[in-house]
Amino acid sequence: MSQSPDQVNFFTAASPDKDRTTLSDKQALMAKIAADPHRPAYHFLPPANWINDPNGSCQWNSQYHLFYQYHPGGAFRGPRHWGHAISPDMVHWTDLPIALAPGPDAIDKDSIYSGCMVINQGVPTIVYTGISGTRESPCIATSQDGMVSWQKYPGNPVIAAPPPGFEVSGFRDHCIWQEGADWYQLIGAGIKGVGGAPLLYRSQDLYNWEYLHPLCVGVAEVTGQMWQCPDFFPLGDKYVLTIAPQPDRVVLYYTGTYDREKHLFTPEHKGVFDYGGSYYAPQSFLDEQGRRIIWGWLQEGRSVAAHTEAGWAGVMSCPRILFLHPDGSLGVRPVPELESLRGEHRHRERLSLTGADMAQAPLFDQPVKGSCELIVELDPGDSARCGLRLGYSFNEETGIIYHADTGTLEIDRTASSRSQEDLHDVQGGTCALSPEGTLKLHLLLDGSVLEIFVNERVSFTSRIYPSQTNRVNLDFRVQGGTARLLDLKLWELDSIWTDPTRELPEGSEKKLTYS
Ligand code: DQQ
């Protein structure tokens, strides 16, 4: 499928005066983006500009659809639209025209905020939050042409205001499911002074909603004032609620039981979904294979000025499969479809290293490509710390180190880049060793994106901005004892953009189309 840039609307405000945006502006922007060492090669993002939350995620008629919060006016926050891309495999994507834009009606004149997709008697139906000033309104749009163009419901909003009786801190973001003949909807909210509280509604037609009660209520001091983007779904014999809490912005999950008579959720197990500090506002869906897939927005870790100048900001995480561990905790791993990108392979096994101070052993003679996948199994032994170092030019490095005394993994970004514009911190979180006492790390490194899955239980997603990302030296690091690297498999990964015109702007308007 091909769309002209104007249809896709990626470039209209690449220059501050959109009427003066010329082909050479577009070419210059795309050339800069194509040469950007921080630009991921196999994580989804549009050709340019700002994105945030995934929206409307679904698989329909075998096609995967990813909508996303999008500002076509530049690589900074602005009036949010819904961008749209489709894929046969969640790996290779085709850009489609913007699905939803603000206005012209007053109810959503300022932004189209996050929401979900349901198929209502064969009709694709989006439920989103219309933004008008400070007013947040649940709204509907439908498509009659297979999800390409969208018509807003003239009777929007479908819920006029938050329920009376308490003061909410926010009323936005939607998760909808069906039970028998009834639809149920959660809207992200919080009760002022109390805590996060996703509000539960019921409807028979998606257009008329009856308020029931909060699905559950958090404690403001512990889990924040407002739970954005609640997502609620069955998994195995439990139910799962994921939330994006404000102000902490660390995605949490609860697994527990759901009483389908009383429509109350009783959390039994609470966990951090991702410790990295970059992963936010995830949304899941059930695909046609019955897999629960989830993806989230990877925020920038560089200044607003830096990403505005770069011409792109935000990227989607890789699609992840969710499952339940026997102890009720959430399991997570990347989808196997990503394996189709695997190229050159390297392997190491049985490497033992001892160090009183931090000892370091190179894992390969030659640097690896900055778009790669690693699966590493470590036995911390009696060491105090062990892990990996990603080494770049100019002494820039990122440490991925397990601390035995605290049982935490730390992502050390203090020397990740020379630029003072970027985050320089240490991110850490608890991660349990396997029953055999080992640590299995599954890493996806892609330009400025670093996703790490630990023992298929928790992820650490980070953004790093070294000056150059095409050559990475990998080292094994050990301190205060002996640790063993049992096995390491590495694959360099191909770019998902098989159409070079997406990144190479030279030539005509035609060459700027996407297929
Ligand atoms: N992002 C959207 C909101 C949501 C927030 C606005 C979470 O709907 O609450 O872009 O990142």
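Counting starts at 1 for both ligands and their atoms, following the listed order. Because the structure is predicted, anything quoted here is derived from the model rather than measured. Hydrogens, waters and symmetry mates are skipped; everything else that's a heavy atom, side chains included, is used.
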| query | Do the ring planes of Tyr258 and Trp177 sit parallel (below 30°), tilted (30 to 60°) or perpendicular (above 60°)? | reply | perpendicular

| field | Contact atoms of ligand 1, heavy-atom distance to Asp173 under 4.0 Å | value | 3 (C), 4 (C), 8 (O), 9 (O)

| task | Grab the two heavy atoms, one from Leu186 and one from Leu241, that are nearest each other, plus how far apart they are. | result | CD1-CD1, 4.2 Å

| task | Decide if the gap between the ring center of Tyr68 and the ring center of Phe44 is smaller than 6.0 angstrom. | result | yes

| What are the two closest heavy atoms between Ile33 and Arg39, and how far apart are they? | CG2-NE, 3.3 Å

| request: Please identify which atoms of ligand 1 are closer than 4.0 Å to at least one heavy atom of Gln69. | output: 2 (C), 6 (C), 10 (O)

| task | Within a distance under 4.0 Å of any heavy atom of Asn52, pick out the atoms of ligand 1 and give their elements. | result | 1 (N), 6 (C), 10 (O)

| message | Suppose I only count heavy atoms of Gln228 and a 4.0 Å limit; which atoms of ligand 1 are within that range? | response | 4 (C), 5 (C), 7 (C), 9 (O)

| field | Atoms in ligand 1 flagged as close to Arg80, the criterion being non-hydrogen separation under 4.0 Å | value | 6 (C), 10 (O)

| remark: atom 1 (N) of ligand 1 sits nearest the protein heavy atom Asp53 OD2, 2.7 Å

| said: Looking at Glu179 and Arg202, is there a salt bridge between them, counting it only when a charged N and a carboxylate O are closer than 4.0 Å? | reply: no

| Proximity flag Thr129 to ligand 1, non-hydrogen atoms under 4.0 Å | no

